[in-house]
Asker: 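What follows is a single structure, and I will ask about it in a moment.
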Amino acid sequence: MPEVLEILALACTGLYAGYMVAFMSGVMPALKEVDDASFTLVMRAVNRKVPGPLFLLLFLGSLALPVASFFVAPDGRASGDTTLMGVAAGCALVGHLITSGGNVPLNNALESSKGRGDERGARTAFEGRWSALHALRTLFAAAAVGLVAVAVTG
(Lines give C-alpha, C1' and ligand atoms only; values in the text may rest on other atoms or scores of the structure.)
Protein backbone atom coordinates (compact mmCIF):
# COMPACT_ATOMS: atom_id res chain seq x y z
CA MET A 1 0.00 0.00 0.00
CA PRO A 2 2.71 2.58 0.78
CA GLU A 3 4.32 2.08 -2.63
CA VAL A 4 0.96 2.64 -4.32
CA LEU A 5 0.57 5.91 -2.40
CA GLU A 6 4.01 7.00 -3.56
CA ILE A 7 3.22 6.24 -7.20
CA LEU A 8 -0.10 8.06 -6.93
CA ALA A 9 1.63 11.01 -5.22
CA LEU A 10 4.18 11.18 -8.03
CA ALA A 11 1.54 10.92 -10.76
CA CYS A 12 -0.79 13.44 -9.18
CA THR A 13 1.85 16.04 -8.32
CA GLY A 14 3.37 15.60 -11.78
CA LEU A 15 0.08 16.07 -13.59
CA TYR A 16 -0.83 19.05 -11.44
CA ALA A 17 2.56 20.71 -11.95
CA GLY A 18 2.29 20.04 -15.68
CA TYR A 19 -1.11 21.71 -15.76
CA MET A 20 0.29 24.74 -13.96
CA VAL A 21 3.29 24.98 -16.31
CA ALA A 22 1.09 24.62 -19.41
CA PHE A 23 -1.15 27.41 -18.21
CA MET A 24 1.80 29.66 -17.40
CA SER A 25 3.72 28.93 -20.59
CA GLY A 26 0.86 28.70 -23.09
CA VAL A 27 -2.50 30.03 -22.03
CA MET A 28 -1.45 33.25 -20.34
CA PRO A 29 1.07 34.28 -23.03
CA ALA A 30 -1.61 33.64 -25.68
CA LEU A 31 -4.10 35.77 -23.77
CA LYS A 32 -1.61 38.65 -23.61
CA GLU A 33 -2.20 39.06 -27.34
CA VAL A 34 -5.97 39.55 -27.19
CA ASP A 35 -8.03 42.65 -26.44
CA ASP A 36 -9.40 43.38 -22.97
CA ALA A 37 -12.93 42.15 -23.65
CA SER A 38 -11.66 38.86 -25.07
CA PHE A 39 -9.23 38.41 -22.19
CA THR A 40 -11.86 38.91 -19.50
CA LEU A 41 -14.40 36.77 -21.38
CA VAL A 42 -11.97 33.85 -21.66
CA MET A 43 -10.60 34.10 -18.12
CA ARG A 44 -14.11 34.23 -16.67
CA ALA A 45 -15.00 31.11 -18.65
CA VAL A 46 -11.79 29.36 -17.58
CA ASN A 47 -12.38 30.27 -13.95
CA ARG A 48 -15.85 28.73 -14.10
CA LYS A 49 -14.69 25.52 -15.84
CA VAL A 50 -11.36 24.76 -14.16
CA PRO A 51 -12.68 23.67 -10.77
CA GLY A 52 -14.22 20.61 -12.39
CA PRO A 53 -13.81 17.04 -11.16
CA LEU A 54 -10.47 16.27 -12.85
CA PHE A 55 -8.83 19.51 -11.73
CA LEU A 56 -10.13 19.08 -8.19
CA LEU A 57 -8.80 15.52 -8.11
CA LEU A 58 -5.34 16.76 -9.13
CA PHE A 59 -5.50 19.82 -6.90
CA LEU A 60 -6.50 17.91 -3.78
CA GLY A 61 -4.45 14.83 -4.60
CA SER A 62 -1.27 16.83 -5.14
CA LEU A 63 -1.43 17.70 -1.45
CA ALA A 64 -3.21 14.73 0.13
CA LEU A 65 -1.12 12.02 -1.52
CA PRO A 66 2.31 13.36 -0.49
CA VAL A 67 0.94 13.89 3.04
CA ALA A 68 -0.37 10.31 3.11
CA SER A 69 2.94 9.04 1.70
CA PHE A 70 4.81 10.92 4.39
CA PHE A 71 2.85 9.19 7.14
CA VAL A 72 2.61 5.76 5.50
CA ALA A 73 6.22 5.15 4.55
CA PRO A 74 7.18 1.88 2.90
CA ASP A 75 9.50 -0.44 4.78
CA GLY A 76 13.09 0.48 4.18
CA ARG A 77 12.48 4.09 3.15
CA ALA A 78 15.43 6.18 4.26
CA SER A 79 14.64 8.91 6.76
CA GLY A 80 15.94 11.47 4.26
CA ASP A 81 13.39 10.28 1.72
CA THR A 82 10.64 10.62 4.31
CA THR A 83 11.84 14.16 4.99
CA LEU A 84 11.77 14.92 1.25
CA MET A 85 8.18 13.68 1.06
CA GLY A 86 7.29 15.95 3.97
CA VAL A 87 8.95 18.94 2.32
CA ALA A 88 7.10 18.08 -0.91
CA ALA A 89 3.83 18.12 1.02
CA GLY A 90 4.84 21.49 2.49
CA CYS A 91 5.50 22.88 -0.99
CA ALA A 92 2.11 21.63 -2.15
CA LEU A 93 0.48 23.24 0.88
CA VAL A 94 2.13 26.61 0.16
CA GLY A 95 0.94 26.40 -3.45
CA HIS A 96 -2.60 25.65 -2.27
CA LEU A 97 -2.51 28.58 0.13
CA ILE A 98 -1.41 30.87 -2.71
CA THR A 99 -4.27 29.55 -4.82
CA SER A 100 -6.96 29.91 -2.16
CA GLY A 101 -5.66 33.17 -0.70
CA GLY A 102 -4.58 34.89 -3.91
CA ASN A 103 -5.73 33.46 -7.23
CA VAL A 104 -9.25 32.46 -6.21
CA PRO A 105 -10.11 35.90 -4.76
CA LEU A 106 -8.81 37.49 -7.98
CA ASN A 107 -10.95 35.05 -10.00
CA ASN A 108 -13.97 36.02 -7.93
CA ALA A 109 -13.26 39.74 -8.33
CA LEU A 110 -12.95 39.31 -12.10
CA GLU A 111 -16.27 37.46 -12.19
CA SER A 112 -17.99 40.13 -10.12
CA SER A 113 -16.74 42.86 -12.45
CA LYS A 114 -18.77 41.37 -15.30
CA GLY A 115 -21.28 43.74 -16.82
CA ARG A 116 -19.75 46.91 -15.40
CA GLY A 117 -18.42 48.02 -18.78
CA ASP A 118 -14.79 48.44 -17.71
CA GLU A 119 -13.05 45.42 -19.17
CA ARG A 120 -9.74 47.32 -19.30
CA GLY A 121 -9.91 48.08 -15.58
CA ALA A 122 -10.98 44.51 -14.77
CA ARG A 123 -8.07 43.12 -16.76
CA THR A 124 -5.59 45.55 -15.23
CA ALA A 125 -6.72 44.65 -11.70
CA PHE A 126 -6.49 40.93 -12.48
CA GLU A 127 -3.82 39.96 -14.99
CA GLY A 128 -0.52 41.06 -13.46
CA ARG A 129 -1.27 39.97 -9.90
CA TRP A 130 -2.89 36.71 -10.99
CA SER A 131 0.02 35.82 -13.28
CA ALA A 132 2.60 36.59 -10.59
CA LEU A 133 0.75 34.44 -8.07
CA HIS A 134 0.33 31.71 -10.67
CA ALA A 135 4.05 31.71 -11.40
CA LEU A 136 4.75 31.36 -7.68
CA ARG A 137 2.32 28.49 -7.16
CA THR A 138 3.71 26.83 -10.29
CA LEU A 139 7.18 27.01 -8.77
CA PHE A 140 5.92 25.31 -5.61
CA ALA A 141 4.08 22.66 -7.65
CA ALA A 142 7.24 21.93 -9.65
CA ALA A 143 9.28 21.73 -6.45
CA ALA A 144 6.72 19.33 -4.96
CA VAL A 145 6.86 16.93 -7.89
CA GLY A 146 10.64 17.05 -7.97
CA LEU A 147 10.85 16.28 -4.28
CA VAL A 148 8.33 13.46 -4.54
CA ALA A 149 10.29 12.00 -7.47
CA VAL A 150 13.54 12.06 -5.49
CA ALA A 151 11.83 10.59 -2.42
CA VAL A 152 10.23 7.79 -4.43
CA THR A 153 13.36 6.85 -6.35
CA GLY A 154 15.81 7.47 -3.50
Side-chain angles (χ1 to χ4, degrees), residues 5-34 36 38-73 80-114 116 118-154:
L5 280 175
E6 287 184 334
I7 291 167
L8 290 172
L10 182 58
C12 200
T13 57
L15 289 168
Y16 180 72
Y19 180 88
M20 295 285 112
V21 168
F23 214 89
M24 184 177 76
S25 65
V27 175
M28 294 311 288
L31 287 176
K32 278 190 173 296
E33 298 179 9
V34 302
D36 299 332
S38 297
F39 176 90
T40 56
L41 176 73
V42 169
M43 283 307 298
R44 286 180 184 121
V46 166
N47 292 336
R48 284 190 301 273
K49 295 294 181 184
V50 164
L54 180 57
F55 178 81
L56 289 175
L57 178 68
L58 294 176
F59 179 74
L60 297 173
S62 68
L63 175 59
L65 290 165
V67 168
S69 293
F70 173 78
F71 287 108
V72 184
D81 294 336
T82 299
T83 300
L84 288 174
M85 193 63 80
V87 174
C91 287
L93 176 61
V94 170
H96 283 59
L97 292 173
I98 292 167
T99 298
S100 60
N103 293 90
V104 170
L106 288 170
N107 294 347
N108 294 339
L110 182 65
E111 184 65 33
S112 69
S113 72
K114 185 177 180 179
R116 295 190 182 155
D118 183 16
E119 298 306 303
R120 178 73 172 145
R123 180 180 188 166
T124 300
F126 177 85
E127 186 176 19
R129 290 180 59 213
W130 192 94
S131 293
L133 290 168
H134 183 72
L136 191 57
R137 69 183 175 168
T138 300
L139 177 67
F140 280 101
V145 71
L147 291 164
V148 169
V150 173
V152 168
T153 60

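Just so you know, these numbers use all the heavy atoms, side chains as well, and skip hydrogens, waters and symmetry mates.
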Asker: Compare every heavy atom of Leu65 with every heavy atom of Cys12, then report the nearest pair and how far apart it is.
Answerer: CB-CD1, 3.8 Å
Asker: Output the distance between atom CG (Leu10) and atom CE (Met85), rounded to the nearest 0.5 Å.
Answerer: 8.0 Å
Asker: Find the distance between CG (Leu58) and CG (Leu54) and round it off to the nearest 0.5 Å.
Answerer: 5.0 Å
Asker: Does Ser131 reach the main-chain N or O of Gly128 with its side chain, forming a donor-acceptor pair under 3.5 Å?
Answerer: no
Asker: Distance from Thr124 atom OG1 to Asp36 atom CG, nearest 0.5 Å?
Answerer: 6.5 Å
Asker: Identify each donor-acceptor pair in which a side-chain atom of residues 137-154 lies under 3.5 Å from a protein atom, sequence neighbours left out, and give them as a table.
Answerer:
{"residue": "Arg137", "atom": "NE", "partner": "His134", "partner atom": "ND1", "Å": "2.9"}
{"residue": "Arg137", "atom": "NH1", "partner": "Thr99", "partner atom": "OG1", "Å": "3.0"}
{"residue": "Arg137", "atom": "NH2", "partner": "His134", "partner atom": "ND1", "Å": "3.0"}
{"residue": "Thr138", "atom": "OG1", "partner": "His134", "partner atom": "O", "Å": "2.7"}
{"residue": "Thr138", "atom": "OG1", "partner": "His134", "partner atom": "NE2", "Å": "3.4"}
{"residue": "Thr153", "atom": "OG1", "partner": "Ala149", "partner atom": "O", "Å": "2.8"}

Asker: Quick one: pull up CG in Leu63 and CG in Leu97 and give me the separation to the nearest 0.5 Å.
Answerer: 9.0 Å
Asker: Is there a side-chain contact between Met28 and Phe39 in this structure, where contact means two heavy atoms from C-beta onward sitting under 4.5 Å apart?
Answerer: yes
Asker: In Å, rounded to the nearest 0.5 Å, how long is the span from CG of Leu15 to OG of Ser62?
Answerer: 10.0 Å
Asker: Leu31 versus Val42: any side-chain heavy-atom pair under 4.5 Å?
Answerer: yes
Asker: With rounding to the nearest 0.5 angstrom, report the OG to CZ distance, Ser113 to Arg123.
Answerer: 12.5 Å
Asker: Is there a side-chain contact between Arg48 and Glu111 (heavy atoms, below 4.5 Å)?
Answerer: yes
Asker: Quick one, Phe126 and Asn47 - any side-chain contact, counting heavy atoms below 4.5 Å?
Answerer: yes
Asker: Checking the side chain of Arg44 only, and the main-chain atoms of Leu110 only, is there a donor and an acceptor separated by less than 3.5 Å?
Answerer: yes
Asker: Might you confirm whether atom CZ of Phe55 has over 12 heavy atoms from other residues, nucleotides or ligands at distances under 6.0 Å?
Answerer: yes
